[in-house]
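Step one of this worksheet: look at the structure below.
Throughout, residue positions are numbered sequentially from 1 according to the sequence presented.
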Amino acid sequence: MGPAPVVIAGAGPVGLATALLLARWRVPTVLLEAAAQRACPGSKAICFQRDVLDILDRVGVAGAMVAEGVTWTTGRTYFREHELYSVTFPEAEVPPWINISQARVEELLCARVAAEPLIDLRHGSPVIGYREDAEGVDVLTPDGPVRGSHLVGADGPRSAVRRLADIAFPGRSFEDLFLICDIKASLPFPKERRFYFDPPWNPGRQVLVHQCPDSVWRIDWQVPPGFDPATADLDAMVRRITGSRPYEIVWLTVYRFHSRVATSLGRGRVFLAGDAAHLFAPFGARGLNSGLQDAENLAWKLALVRRGAPDRLLDSYDAERRAAALVNLAVTARTMEFLVPQSPPQWEWRRTVLERAVADPEARKLIDSGKLAEPYWYVDSPLTTSTGPVPEEPGAARPPVPGVICPDAPVRGGRLRQRFGAGFVVLVARPDRIAPATAMGAELGADVPVEVLARSELGLDSAVLGEGAGPDSVHLVRPDGHLAAILPSFSAEALTTALHRAVGR
């Protein structure tokens, strides 16, 4: 009998990605899905950020996503009949943003899962309990127990795993209503994110418009209390966007937004990821993007602990990803205070800012229509060899310092980030440092892969790595692409210490 699998509850995108990422490390998984068959009504999440596309590239679906998805680089914000400002992201080999439905991404992930012999996907298998001991966990299902080394709850907002682990899920749910409507139509709009505050056709509220593949458009309205799509004049609402052009409603739903983070993302051998761990308002695309970052963070740590790394490496999952969730919670909470004010002073602030912004560029900086998702900086992680303070505010420029995700750049044979994901990578400035750095990596043991690469042999422009890229510097990169350490000069002792810290020793 082979090693016990990791048991994953929930075959949504986060659970599927976790299983595929573990398979890259040759870790078997049993993926338990409560539903009898895969069903994903509607598009759900649609915006995928470029750093998350790197994760999806490691599981083999990013190429198809980029080929099918709608790439956009510009977001525009309007107030009534005025365009207030626009933001443009630089184009690169990996798009800054693509729009493609969660349903299609799940299809692509499911196809990869079906072709992976290390993944056992079982539909109609809800988790109804578990028993943990010193060696593993018995996960109870209606068909009997499943023995595993660990249990991952990626089973959504109403997570059975979270409930069974007795992990609280504090926060709040809001009464404000929003209507998502996916329509199929030929519209003359460019491939942009368009956000409308107080348009004449939805006064006092807002509307968000995104283009998706196959001439589908996502329209997200704030709607009044008591709104019922069964009795509303949906045609009149849609016509405000499409004019007289023909259209077809593909999917619609009414939702409320939630702001919640679990009090812990790990308890013993049980871990939470994605919506089971956190819920955010959707403006800014911080939900599924963050969930996929949970998946990668947890997968490499589970893999190394199963190979002999200390259990406290898994403690860093909660330390890093719960910190990320709390930042996302704070960012989206500020956004929702502006989008749907909850008090008269907040309403007055919003009105004043928007009216000033028509003529005042400084006021435009105060508008919050959703700060777009970005990777969290693990600068305070116990795995990071810190080099000093960095800017903390969300959206600030990200210098390539320890904790920040490593910049991407062209190298011989592809992109730098395509060299990450299978273990630790040590980037040395000088080729003669490869042999001694390799020896330092070997001290971690054969079960912790460490690859040493010279910047010159990669053809890597040192400027990409910022001020820390000196003539004898060393950059240690984690399997998830985050910088664990930057050494100003090669030192066997310093590199050994940084490597051991990065694996929880």
When rounded to the nearest 0.5 angstrom, what distance separates [atom1] in [X] from [atom2] in [Y]?
{"X": "His258", "Y": "Met336", "atom1": "NE2", "atom2": "CE", "answer": "11.5 Å"}
{"X": "Phe195", "Y": "Arg193", "atom1": "CZ", "atom2": "CZ", "answer": "6.5 Å"}
{"X": "Ile8", "Y": "Thr29", "atom1": "CD1", "atom2": "OG1", "answer": "4.5 Å"}
{"X": "Leu118", "Y": "Arg26", "atom1": "CG", "atom2": "CZ", "answer": "4.5 Å"}
{"X": "Leu20", "Y": "Ile119", "atom1": "CG", "atom2": "CD1", "answer": "4.0 Å"}
{"X": "Leu499", "Y": "Leu444", "atom1": "CG", "atom2": "CG", "answer": "5.0 Å"}

Is any side-chain heavy atom of [Y] closer than 4.5 Å to one of [X]?
{"X": "Tyr78", "Y": "Ser369", "value": "no"}
{"X": "Asp480", "Y": "Tyr378", "value": "yes"}
{"X": "Thr71", "Y": "Lys191", "value": "no"}
{"X": "His150", "Y": "Phe271", "value": "yes"}
{"X": "Leu298", "Y": "Leu314", "value": "yes"}
{"X": "Val474", "Y": "Ile486", "value": "no"}
{"X": "Val70", "Y": "Ile98", "value": "no"}
{"X": "Arg430", "Y": "Phe490", "value": "no"}

Compute the centroid of each ring, for [X] and then for [Y], and state whether the two points are separated by less than 6.0 Å.
{"X": "Phe197", "Y": "Phe338", "value": "yes"}
{"X": "Trp300", "Y": "Tyr317", "value": "no"}
{"X": "His482", "Y": "Trp377", "value": "no"}

Verify side-chain contact (heavy atoms from CB on, under 4.5 Å) between Val331 and Arg334, making sure each step is shown before the conclusion. CA-CA 5 Å; Val331 170; Arg334 287 195 294 271; 3.8 Å; yes
Phe178 six-ring centre to Arg256 NZ/CZ under 6.0 Å and within 45° of normal: no
Does Phe189 have Arg194 sitting over its ring (NZ/CZ under 6.0 Å from centre, angle to axis within 45°)? yes
Checking Thr335 now: which residues fulfil side-chain hydrogen bond (donor to acceptor under 3.5 Å, both in side chains) with it, not counting sequence neighbours?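 Counting only residues at least two positions away or on another chain, Thr335 forms a side-chain hydrogen bond (donor to acceptor under 3.5 Å, both in side chains) with Asp368.
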With sequence neighbours excluded, tell me which residues meet side-chain hydrogen bond (donor to acceptor under 3.5 Å, both in side chains) with Ser489. none
So does [X] pair up with [Y], basic N to acidic O under 4.0 Å?
{"X": "Glu106", "Y": "Lys44", "answer": "no"}
{"X": "Asp318", "Y": "Arg267", "answer": "no"}
{"X": "Glu116", "Y": "Arg24", "answer": "no"}
{"X": "Arg50", "Y": "Glu93", "answer": "no"}
{"X": "Lys365", "Y": "Glu362", "answer": "yes"}

Classify the side-chain pair [X]/[Y] by whether it contains a donor and acceptor separated by less than 3.5 Å.
{"X": "Ser381", "Y": "Glu320", "answer": "yes"}
{"X": "His278", "Y": "Asp294", "answer": "yes"}
{"X": "Gln342", "Y": "Asp176", "answer": "yes"}
{"X": "Arg321", "Y": "Asn297", "answer": "no"}
{"X": "Asp220", "Y": "Tyr255", "answer": "yes"}
{"X": "Thr385", "Y": "Arg501", "answer": "yes"}
{"X": "Thr263", "Y": "Arg322", "answer": "no"}

I would like to know whether Arg269 and Ser149 meet side-chain hydrogen bond (donor to acceptor under 3.5 Å, both in side chains); could you show each step before the answer? CA-CA 7 Å; Arg269 292 178 174 271; Ser149 65; 5.5 Å; no
Least distance between heavy atoms, [X] atom then [Y] atom:
{"X": "Arg286", "Y": "Leu372", "value": "NH2-O, 3.3 Å"}
{"X": "Pro341", "Y": "Arg350", "value": "CG-CD, 3.8 Å"}
{"X": "Pro95", "Y": "Val66", "value": "CG-CG1, 3.9 Å"}
{"X": "Gly481", "Y": "Phe420", "value": "CA-CD1, 3.8 Å"}
{"X": "Arg307", "Y": "Pro449", "value": "NH1-CD, 3.6 Å"}
{"X": "Leu53", "Y": "Phe48", "value": "CD2-CB, 4.2 Å"}

Determine whether a donor-acceptor pair (N or O, by modelled atom type, separation under 3.5 Å) exists between the side chain of [X] and the backbone of [Y].
{"X": "Thr384", "Y": "Asp380", "value": "no"}
{"X": "Arg412", "Y": "Glu457", "value": "yes"}
{"X": "Arg415", "Y": "Ala409", "value": "no"}
{"X": "Arg162", "Y": "Pro157", "value": "yes"}
{"X": "Asn289", "Y": "Ala285", "value": "yes"}
{"X": "Ser316", "Y": "Ala319", "value": "no"}
{"X": "Ser159", "Y": "Asp155", "value": "no"}

Test side-chain contact (heavy atoms from CB on, under 4.5 Å) on Val426 and Leu453; report intermediate values, then the result. CA-CA 6 Å; Val426 180; Leu453 303 170; over 6 Å; no
Could you please spell out the steps behind the side-chain contact (heavy atoms from CB on, under 4.5 Å) verdict for Ser386 and Val379? CA-CA 7 Å; Ser386 177; Val379 293; 5.9 Å; no
Exceeds 12 heavy-atom contacts within 6.0 angstrom, atom CZ of Arg260: yes
With under 30° as parallel and over 60° as perpendicular, where do the rings of Trp72 and Trp97 fit, or are they tilted in between? parallel
Extract all donor-acceptor atom pairs below 3.5 Å that involve side chains of residues 462-469 and protein atoms in other chains or at least two apart in sequence.
{"residue": "Ser462", "atom": "OG", "partner": "Arg455", "partner atom": "NE", "Å": "3.3"}
{"residue": "Ser462", "atom": "OG", "partner": "Arg455", "partner atom": "NH2", "Å": "3.2"}

Run the side-chain contact (heavy atoms from CB on, under 4.5 Å) check on Leu416 and Cys406 step by step: do they pass? CA-CA 9 Å; Leu416 178 60; Cys406 184; 4.0 Å; yes
Identified salt bridge (charged side-chain N to carboxylate O under 4.0 Å, His left out) counterpart of Glu296 within the set Arg478, Arg58, Lys301: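 When Arg478, Arg58, Lys301 are each tested with Glu296, the salt bridge (charged side-chain N to carboxylate O under 4.0 Å, His left out) holds only for Arg58.
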